[in-house]
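See structure below.
Computed from a predicted model, the values in this text were never measured in an experiment. Side chains are part of it too, since the values below use all heavy atoms of this structure and drop only hydrogens, waters and symmetry mates.
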Amino acid sequence: ALCAPRLAPPYPDEWLDERQTLVHSLAANDDGNHPASWLSEAWYAGVMGRLHLNSMRSTDGAWTALYALPSFINHDRDPSLLADFAADGALSLHAARDIAPNEELSISYVPNDAFPTDDLRNAFLEESYGFRES
């Protein structure tokens, strides 16, 4: 199961707009029943939240993808693995340093040099992933 964020209304406007577009694109049946009656704001926000929380963005930020097994790898500021994205979207994981037996494999969700201060880094991590580094 993908990690699920703790979401409560109000949901992001972009998600609500996307959901509304999807609902309107599904035409009502001849009997008047709408095939998207199950597509509530909460359901859609739950799906989008899971995708947002578990997907990985390419190093250059050009695209985002959801990888089944790597989505389970936790964050660490001193990660044991480096993620390498190929132009075709293939993901390779490489040891970033020596890894001790039974050590949890980890990646960094954001490059260490991406923000000039720890406060900005933590604000990004909290907004994007729901946690701060200790």
What are the two closest heavy atoms between Ile73 and Ile107, and how far apart are they? CG2-N, 3.6 Å
Under the salt bridge (charged side-chain N to carboxylate O under 4.0 Å, His left out) rule, collect the residues that match up with Glu127, sequence neighbours excluded. none
Do any side-chain atoms of residues 89-100 form donor-acceptor pairs under 3.5 angstrom with protein atoms, and if so which ones, sequence neighbours left out?
{"residue": "Arg97", "atom": "NE", "partner": "Pro79", "partner atom": "O", "Å": "3.3"}
{"residue": "Arg97", "atom": "NH1", "partner": "Glu103", "partner atom": "OE2", "Å": "2.9"}
{"residue": "Arg97", "atom": "NH2", "partner": "Asp78", "partner atom": "O", "Å": "3.1"}
{"residue": "Arg97", "atom": "NH2", "partner": "Glu103", "partner atom": "OE2", "Å": "2.8"}

Taking the six-membered ring for Trp, are Tyr109 and Phe131 parallel (under 30°), tilted (30 to 60°) or perpendicular (over 60°)? perpendicular
Got a sec, which pairs hit salt bridge (Lys or Arg N to Asp or Glu O under 4.0 Å) with one end in residues 11-26, sequence neighbours left out? none
Of all residues at least two apart in sequence or in a different chain, which pass the side-chain contact (heavy atoms from CB on, under 4.5 Å) check with Thr64? Ser55, Arg57
State, with a plain yes or no, whether a side-chain heavy atom of Asn122 is found less than 4.5 Å away from one of Glu133. yes
Residue pairs meeting salt bridge (Lys or Arg N to Asp or Glu O under 4.0 Å), one or both in residues 62-76, sequence neighbours left out, come to none
My understanding is that only residues two or more places apart in sequence, or in another chain, count here; which of them pass ring pair (Phe, Tyr, Trp, His ring centres under 6.0 Å) with Tyr44? none
Classify the ring geometry between Trp38 and Trp43 as parallel (under 30°), tilted (30 to 60°) or perpendicular (over 60°). perpendicular
Can you name the residues that form a side-chain contact (heavy atoms from CB on, under 4.5 Å) with Thr117, not counting sequence neighbours? Asp119, Leu120
Who passes side-chain contact (heavy atoms from CB on, under 4.5 Å) against Asn112, sequence neighbours left out? Arg77, Ser108, Arg121
Give the C-alpha distance, both sets of side-chain angles, the deciding distance and a yes or no for side chain to side chain contact (heavy atoms under 4.5 Å, CB included) between Leu125 and His75. CA-CA 10 Å; Leu125 288 168; His75 166 82; 4.2 Å; yes
According to side-chain contact (heavy atoms from CB on, under 4.5 Å), who are the partners of Pro9, at least two apart in sequence or on a separate chain? Tyr11
Checking Asn74 now: which residues fulfil side-chain hydrogen bond (donor to acceptor under 3.5 Å, both in side chains) with it, not counting sequence neighbours? Glu104
Apply the test side chain to side chain contact (heavy atoms under 4.5 Å, CB included) to residues Trp15 and Glu41: give CA-CA distance (whole Å), side-chain angles for both, the deciding distance (0.1 Å), then the verdict. CA-CA 9 Å; Trp15 293 357; Glu41 288 181 357; over 6 Å; no
